[in-house]
Amino acid sequence: MSPEETKSRIPSFIREAVAEDLRTGRFTYVRTRLPPEPNGYLHIGHVKAFLIDYFTAQEFGGELYLRFDDTNPSKEETEFVDAIKEDAAWLGIKWVKETYASDYFDRLYEWAVRLIKMGLAYVDDQSQEEMSAARGTLPKGTKWSETEPNIRPGVDSPWRNRSVEENLDLLERMKNGEFPEGSRVLRAKIDMNHPNLLMRDPVMYRIMHIPHHRTGDKWHIYPTYDWSHGQNDSMEGITHSLCSNEYIIHRPLYEWFLEKLGEFPSRQIEFTRLNLTYAMMSKRKLRKLVESGVVRGWDDPRLTTLRGLRRRGVTPEAIINFITGLGETKNDSWVEMAQFEAAIRDDLNKRALRRMAVLHPLKLVIDNFPEGVTEEMEAVNNPEDPSAGTRKVPFSKVLYIEQDDFRETPPPKYYRLYPGNEVRLRYAYIVKCTHVVKDETGNVIEVHCTYDPATRGGDAPDGRKVKSTIHWVSAQHAIPAEVRLYDQLFTVEKPDDAELEEIINPNSLEVIENAFVEPALGEAKLGESLQFERTGYFCLDPDSRPGKPVFNRTVTLKDSWAKIEKKSK
RNA sequence: UGGGGCAUGGUGCAAUGGCAGCACACCGGCCUUUGGAGCCGUGGAUCUUGGUUCGAAUCCAGGUGCCCCAGCCA
């Protein structure tokens, strides 16, 4: 081992715990599991858990299982199973086995029978309301601190001491669908006065007359999370069951079941879940956004779903670098979206092909350039990566430049084009603005320049400095394109906590129908990272059609001019 | 005020009894054929009170604050 430890991609406290378990012989191998519930699409919040599971297995030479937590058929659909697999694979996560909680329904039932025979589980006929009241807590809606005492002892269910035979018979009949939903449940017999509410005889099975996406109508009872998850971990020989902090309180129950059953003692370790400002993580609200048409679908680039990020042009590497770069404590935390954007820029800067695109075109005429002549200018594809090579960009007498790059009366510190000023046209010539042409309402519709033929390529042989370089496209060679600019979807940092209607940013999408892009962008491919020079990072959108490409802006470039401009106001 | 978890710049982390450091953000400068990138620099933090110690972000005790739990959701 070198003195400089290899950089780990998992939180140190997890790494240390796992290493400790291996050292002490608690486990002789490492196996983790990814436990998504197939009831929605993956978003950035899930990725942290996915990566921790994946890298923990990887760093210890272990393996990762993908196990769908499909214990609630009223919410889950096969559609989501496929989507989750596709998204996880896109991220680069590899699993050795794909399993389902429902694979273990039979065995889990046997384990429940065992618990009944041990006198540790019973069928309860109380209604949901009765059970809730008997749990010994205050009525729903009461805040913890408003009243005293805020917790009362629980009351044993009148059905708590049924005979083993009766419990067995009732569970069997529950399973076969003989009783209506809500009429009975199977509960673990633990302690109705336990200070941890979860230990007050938790529900193991509930009756649901709903067909399951994998087991069909075989079952009329389905296990709860607490009864299923840990047992599945054990059955699969999962060594480390990594989950978010909200499950800390479940750990005693997790351990209770496995200890009583004497089964393989998987170990649960918790970490802080990812909170990202301006990102919506609530599945319910995400669904509402999609269904109400606020966004165009689950893959809308304004969403932080994996599909949205992918369509937006964010790469898996950027996401992984971002997440693993956060570090880890057990603190609740809110990560700023700016930090994610910085990771995206950092990644895209290294890989994006540079191109020129004019979003808001203004005609520029070079009066002393010959009519009907096209020159080919050599342009670098990526200054960060010489191996990306160069390309030819056609140049001619009439160009389009960005409206922002010309001012008839320049503000302070404005270095771009204005009458009498010189700028460099990137990879082409230095030009000097001579005059403008206006329409009848006074808008500048043409900027006229003269060019310096000695500056071909952009270098000034006389060593003269030009303060600014602007991008351009040749009018006769340009390809018309649609460009979609995105901004935050929400006006508040924590959209999950707010009412949807009140926080939608009405300007989160700006569609530019008539942009002009350089010919090379006609060959842009889906999934390719692009930078429109001086404007931002972009990618081709699947809505593109031959002759009319559509581009999404992933993130802007950092814009120092915008800052200067803002400050002077 | 039942149980559990957590407190370090604006944000996210590091420092495992020995000079509080890094990244993002912010501010300033250098450089530049992207006002990008890169480089350099400034400012800003140990929740509080006491204790142990030569020495405490770290150990101990009290206090304060925030988060989670009262689904037959996961």
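Sequence lines set the chain letters: A, B, ... in the order given, protein chains first and strands last, and positions in each chain run from 1. Hydrogens, waters and symmetry mates play no part in the numbers below; they use all other heavy atoms, side chains included.
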Does Lys392(A) pair with Glu376(A) as a salt bridge, N-O distance under 4.0 Å?
-> no

Partners passing side-chain hydrogen bond (donor to acceptor under 3.5 Å, both in side chains) against Ser74(A) (at least two apart in sequence or in another chain) = Asn72(A)

With a non-hydrogen cut-off below 4.0 angstrom, is Leu425(A) in contact with a base, only sugar-phosphate, or nothing?
-> nothing

G35(B) base stacked by Tyr415(A)? Criteria: ring centres under 5.5 Å, plane angle under 30°.
-> yes

C1' atom, G4(B) versus G36(B): distance in rounded Å?
-> 49 Å

Base, sugar-phosphate, or nothing: which does Glu378(A) touch, judged by heavy atoms less than 4.0 Å apart?
-> nothing

Between Tyr254(A) and Tyr225(A), does the ring centre distance come in under 6.0 Å?
-> no

Any ion pair linking Glu378(A) and Arg391(A) (charged N to carboxylate O, less than 4.0 Å)?
-> no

Salt bridge (charged side-chain N to carboxylate O under 4.0 Å, His left out) involving Glu172(A) - partner list, sequence neighbours excluded = none

Check every strand shown and say whether Tyr414(A) touches a base, only sugar-phosphate, or nothing at a heavy-atom separation below 4.0 Å.
-> base

So what does Pro223(A) hit on the nucleic acid, given a heavy-atom distance under 4.0 Å: a base, only sugar-phosphate, or nothing?
-> sugar-phosphate

Give one of base, sugar-phosphate or nothing for Asn39(A), where a contact means two heavy atoms less than 4.0 Å apart.
-> nothing

Syn or anti: how is G21(B) classified when any glycosidic angle within 90° of 0 counts as syn?
-> anti

Could you check whether Arg416(A) gets within reach of a base, just the sugar-phosphate, or nothing at all, counting any heavy atom under 4.0 Å?
-> base

Check nucleotides 41-44 of chain B against the protein and report each pair of N or O atoms closer than 3.5 Å, with its distance, or say if there are none.
none

Whole-Å distance between G71(B) P and Leu197(A) CG?
-> 8 Å

Which part of the nucleic acid, if any, lies within reach of Thr71(A) when heavy atoms closer than 4.0 Å are counted: base, sugar-phosphate only, or nothing?
-> sugar-phosphate

Gap between atoms CG and P, on Leu34(A) and A74(B) respectively (whole Å) | 18 Å

What residues form a ring-ring contact (aromatic ring centres under 6.0 Å, His included) with His46(A), not counting sequence neighbours?
-> His43(A)

Take atom P in U1(B) and the same atom in U64(B), then report the distance between them in whole Å.
-> 7 Å

Pick base, sugar-phosphate or nothing for Arg135(A), based on heavy-atom distances below 4.0 Å to the nucleic acid.
-> sugar-phosphate

How many Å lie between CG on Leu253(A) and C1' on A70(B), as a whole number?
-> 15 Å

For each nucleotide in nucleotides 3-9 of chain B, reading 5' to 3', give B when a protein heavy atom comes within less than 4.0 Å of its base, S when such contact involves only the sugar-phosphate, and - otherwise.
-> BSSSSS-

Per-nucleotide protein contact string for nucleotides 21-32 of chain B, where B marks a base within reach and S marks sugar-phosphate only (heavy atoms under 4.0 Å, - for neither) = ---S-SSS----

Reading RNA chain B 5' to 3', what string of ( ), [ ], | and . shows its pairs, if Watson-Crick and G-U wobble pairs count only when both distances fall under 3.5 Å?
-> .((((((..((((....[..))))..((((.......)))).....(((((..]....))))))))))).....

May I ask you to say whether Arg351(A) pairs ionically with Asp347(A), meaning some side-chain N is under 4.0 Å from a carboxylate O?
-> yes

Listed by chain and number, what are the ring-ring contact (aromatic ring centres under 6.0 Å, His included) partners of Phe322(A), not counting sequence neighbours?
-> Phe340(A)

For Arg33(A), check salt bridge (charged side-chain N to carboxylate O under 4.0 Å, His left out) against everything at least two apart and list the hits.
-> Asp53(A)

Nearest-Å distance, CD (Glu328(A)) to P (G12(B))?
-> 12 Å

Per atom distances to the Tyr247(A) side chain, the nearest of A14(B), G2(B), A74(B) is A74(B)

Would you say the base of G38(B) and the side-chain of Glu384(A) have a donor-acceptor pair closer than 3.5 Å?
-> no

Salt-bridge test for Arg160(A) and Asp201(A): reply yes if a basic N is under 4.0 Å from a carboxylate O, no otherwise.
-> yes

Donor + acceptor pair across side chains of Asp226(A), His250(A) (<3.5 Å) | yes

Set of salt bridge (charged side-chain N to carboxylate O under 4.0 Å, His left out) partners for Glu402(A), sequence neighbours left out | none

Strictly below 4.0 Å, heavy-atom distances to any atom of RNA chain B: list the hits from residues 203-213 of chain A, or just say none.
-> Val203(A), Arg206(A)

Round to the nearest Å and state the distance from Leu198(A) atom CG to C72(B) atom C1'.
-> 14 Å

Could you check whether Pro383(A) gets within reach of a base, just the sugar-phosphate, or nothing at all, counting any heavy atom under 4.0 Å?
-> base

Which is true for Gln126(A) with a 4.0 Å heavy-atom rule: it touches a base, it touches only sugar-phosphate, or it touches nothing?
-> base

Distance flag, aromatic centroids of Trp561(A) and Tyr415(A), threshold under 6.0 Å = no

Using the P atom on both, measure U8(B) against C59(B) and round to a whole Å.
-> 14 Å

Between Trp159(A) and Tyr122(A), does the ring centre distance come in under 6.0 Å?
-> no

Kindly indicate whether the side chain of Tyr222(A), heavy atoms from C-beta on, has any atom under 4.5 Å from the side chain of Tyr205(A).
-> no

N or O in side chain of Ser333(A) less than 4.0 angstrom from C13(B) OP1/OP2 | yes

Examine the side chains of Asp103(A) and Thr99(A) and answer whether a donor and an acceptor come within less than 3.5 Å of each other.
-> no

Separation of U11(B) atom C1' from Trp334(A) atom CH2, nearest Å, is 13 Å

Flag, side chain of Lys175(A) to backbone of Tyr109(A), donor-acceptor distance under 3.5 Å = no

How long is the line joining CD1 of Ile221(A) and P of C72(B), in whole Å?
-> 16 Å

Pairwise C1' distance for A14(B) and A23(B), with rounding to whole Å | 11 Å

Could you give the distance separating G35(B) and G29(B) at their C1' atoms, to the nearest angstrom?
-> 15 Å

Between A14(B), G35(B), G36(B), which one does the side chain of Arg354(A) approach most closely?
-> G36(B)

Taking atom P in both A45(B) and C22(B), what distance in whole Å separates the two?
-> 15 Å

Are any of the side-chain heavy atoms of Phe13(A) and Phe271(A) separated by less than 4.5 Å?
-> yes

Pick the C1' atom in G21(B) and in C73(B), then give their distance to the nearest Å.
-> 43 Å

With heavy atoms under 4.0 Å as the rule, sort His471(A) into base, sugar-phosphate or nothing.
-> nothing

How would you list, by chain and number, every residue that makes a ring-ring contact (aromatic ring centres under 6.0 Å, His included) with Phe50(A), sequence neighbours excluded?
-> none

For the side chain of Trp561(A), counting heavy atoms from C-beta on, which of A74(B), G35(B), A70(B) is nearest?
-> G35(B)

Between G9(B) and C24(B) - C1' atom distance, rounded Å | 12 Å

Using a strict 4.0 Å threshold on nitrogen-to-oxygen distance, state whether Arg251(A) and Glu246(A) make a salt bridge.
-> no

